[in-house]
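Fair warning: this is a prediction, and the values are worked out from it, not measured in the lab. To find a chain, count down the sequence lines: A is the first, B the second, and so on, and within it residues start at 1.
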There are 2 protein chains.
Amino acid sequence: MRSTCCHTDLCVQAVPVFKGLAEVELAKIAAITESSPYSKGSIVFREGQPADSLYVLNNGLMKLSQISHEGKQHNLRFLFPGDYFGQFDILQNKQHYATAEMLENGRVCRIHRKDLIPLIKQNADLAYSFLMTMSEQLRQAEEWAGALHILDVDKRLAKLLLHLYSKIGLQSGDQAINDFITLPAAKKEIAAMIGTTPETLSRKLNFFEENRIIEVCKRNIHIRNIRALNDIAEIGLDEVKNNGVEAVCT
Amino acid sequence: MRSTCCHTDLCVQAVPVFKGLAEVELAKIAAITESSPYSKGSIVFREGQPADSLYVLNNGLMKLSQISHEGKQHNLRFLFPGDYFGQFDILQNKQHYATAEMLENGRVCRIHRKDLIPLIKQNADLAYSFLMTMSEQLRQAEEWAGALHILDVDKRLAKLLLHLYSKIGLQSGDQAINDFITLPAAKKEIAAMIGTTPETLSRKLNFFEENRIIEVCKRNIHIRNIRALNDIAEIGLDEVKNNGVEAVCT
DNA sequence: GATAAAAATTGATCTAAATCAAGGAATATT
DNA sequence: AATATTCCTTGATTTAGATCAATTTTTATC
């Protein structure tokens with residue numbers, strides 16, 4: 001299932017990392033890009049497989065995950081349209097350290113390392129653009145790694161909800177248009193992302209709901225008390241309960 | 001305590017990320033670099049402080065860590081001479097997401113974002129060089145974040161020992177010159193790095209020693225059974241004990 | 001070399017969260 | 001619309017590893 005990239009504007013121009021490049025550069029990239037459809041549940045690549053391409057998600061939803069010998073799964077991150085992955089494993093010609101699976105049907109663009117690397121080496125703008133996005137990824141990855149160790153599940157969940165809120169709720173301006181967020185994937189995937197189990201996630205969401213911090217309806221979550229959420233993420237549930245009852249029980 | 005960079009060869013040329021740059025470029029970088037001495041225990045920057053510079057460790061040892069409201073600490077990584085940090089927080093003019101503390105006396109070079117960014121934007125080689133090192137950092141950060149969730153302490157410890165072994169043991173060739181590794185920092189720092197406590201680390205090291213996998217003398221560790229270590233890191237301690245007694249008790 | 005401070009060890013206890021188990025939605029398939 | 005999956009929830013139980021507490025060892029300072 002191969003085809004040259006459908007539309008330049010979809011695969012290349014709309015992708016953040018390629019934004020701001022000159023037309024001629026975009027055309028070069030489009031020329032070395034090929035896209036394929038992937039159905040929900042299909043694996044784009046597996047952990048351990050040799051990495052020779054940069055992948056860009058065109059549409060749909062993906063997850064990058066790791067799995068232990070015992071079958072425990074951790075979701076490193078979700079990928080939304082425009083995000084790229086398989087990143088610079090390809091720079092060093094190594095193996096993928098995670099498995100990429102489609103959570104929804106979608107198209108994935110692929111650029112082979114041998115085609116991309118010369119472009120990056122020649123084009124400081126492109127390299128700089130990659131640096132910007134990768135620095136943000138690195139920041140998030142390291143911050144989250146720390147969180148998995150030093151923060152308990154309540155805090156990690158609060159942080160995730162706040163993250164989704166800042167990302168989705170504020171997308172049409174600097175003021176939230178409403179207080180609803182939508183989980184990007186099934187709850188078990190969310191659980192595997194914040195380093196817990198579906199059972200524990202269910203209980204924690206329940207607890208937040210009982211304390212009127214949120215209201216859950218399937219994958220839609222109404223943020224009722226963002227201050228309490230902030231407090232939990234920062235100082236923890238125990239202290240919020242002791243000191244800041246007003247914050248929890250408004 | 002300010003001074004222009006001591007020696008070009010120390011601060012700049014010997015730094016991996018600047019390796020391979022032309023003399024004229026190195027000179028430019030040296031010109032915008034200043035270095036300062038820091039004593040053991042001193043803080044180079046704190047989490048939350050505005051980030052406006054790239055830092056390069058000249059000599060000594062540093063740790064990048066995060067701390068929770070309750071005082072739990074996680075070490076994101078250690079920095080060895082030539083490593084840089086504060087990385088591209090500066091690209092986005094954000095705040096530091098970790099605290100940098102000296103674990104030994106040393107010198108730190110500093111390059112202000114306003115001086116460095118133009119250089120990167122003009123010089124594709126330099127940008128590419130940063131991409132290479134950052135991609136490796138990202139890989140390690142994400143891989144480790146997954147490990148903190150899906151792997152138990154035994155596995156994480158085995159992975160750390162193997163990592164040190166591959167880094168230190170093999171440094172003078174592709175064959176290990178000996179089977180001794182040295183922990184780069186105090187055990188409590190190692191514990192904070194693999195996401196556990198000093199108490200648990202102590203017990204785990206003991207256990208490995210009882211099973212003749214390693215031999216511990218202060219910070220020096222003799223790797224006696226690297227195969228067992230590999231097995232533990234991959235399939236876990238339980239299975240090693242059940243199936244592979246030979247591996248453990250040679 | 002003596003004293004003080006910090007780090008590491010060992011044992012006892014506790015707890016957050018995982019696991020196990022069983023129903024009850026929701027979603028997908030025929 | 002009925003059936004089969006998959007997902008989610010709720011309760012009971014277990015457990016890895018944290019915490020607490022008390023020495024001992026190591027390192028630093030005088």
Which whole-number value in Å describes the distance from [X] [atom1] to [N] [atom2]?
X      : N      : atom1 : atom2 : result
B:L157 : D:dA16 : CG    : P     : 17 Å
A:I190 : D:dC8  : CD1   : C1'   : 14 Å
A:H149 : D:dA16 : NE2   : P     : 18 Å
A:E199 : C:dC20 : CD    : P     : 10 Å
A:E70  : D:dA16 : CD    : P     : 12 Å
B:E209 : C:dA8  : CD    : P     : 15 Å
A:L237 : C:dA16 : CG    : P     : 11 Å
B:L201 : D:dT19 : CG    : P     : 15 Å

Below 4.0 angstrom from OP1 or OP2 of [N], is there any side-chain N or O of [X]?
X      : N      : result
A:K204 : C:dA16 : no
B:K187 : C:dT9  : yes
A:N206 : D:dT9  : no
A:T197 : C:dA18 : yes
A:T200 : C:dA17 : no
A:K188 : D:dC7  : yes

Original post:
Given that A:K40 and B:R219 both sit by DNA chain C, which one's nearest nucleotide is further toward the 5' end?
Top reply: B:R219
**OP:** For A:V153 and for A:K218, locate the closest nucleotide of DNA chain C by heavy-atom distance; then report the residue assigned to the nucleotide nearer the 5' terminus.
**Re:** A:V153
Original post:
Is A:K159 salt-bridged to A:E143, cutoff N-O under 4.0 Å?
Top reply: no
**OP:** For the pair A:D179 and A:R224, find out whether any cationic side-chain nitrogen is under 4.0 Å from an anionic carboxylate oxygen.
**Re:** no
Which of these nucleotides, [options], is closest to any side-chain atom of [X]?
X      : options                : answer
B:D152 : D:dC20, D:dG17, D:dA18 : D:dG17
A:K72  : C:dA7, C:dT9, C:dT19   : C:dT19
A:S202 : D:dG17, C:dG11, D:dT10 : D:dT10

Subject >> From A:K72, A:Q73, A:E47, residue fulfilling side chain to side chain contact (heavy atoms under 4.5 Å, CB included) relative to A:Q66 >> reply: A:E47
**OP:** Mind telling me whether A:F45 and A:Y55 have parallel, tilted or perpendicular rings, with 30° and 60° as the class edges?
**Re:** tilted
Original post:
Heavy-atom count around B:E234 CD within 6.0 Å, excluding the residue itself: above 12?
Top reply: no
Subject >> Base D:dC7 paired with A:E189 side chain (donor-acceptor, <3.5 Å) >> reply: no
Original post:
With a non-hydrogen cut-off below 4.0 angstrom, is B:G195 in contact with a base, only sugar-phosphate, or nothing?
Top reply: sugar-phosphate
Original post:
Side chains of B:T182 and B:N220: donor-acceptor distance under 3.5 Å anywhere?
Top reply: yes
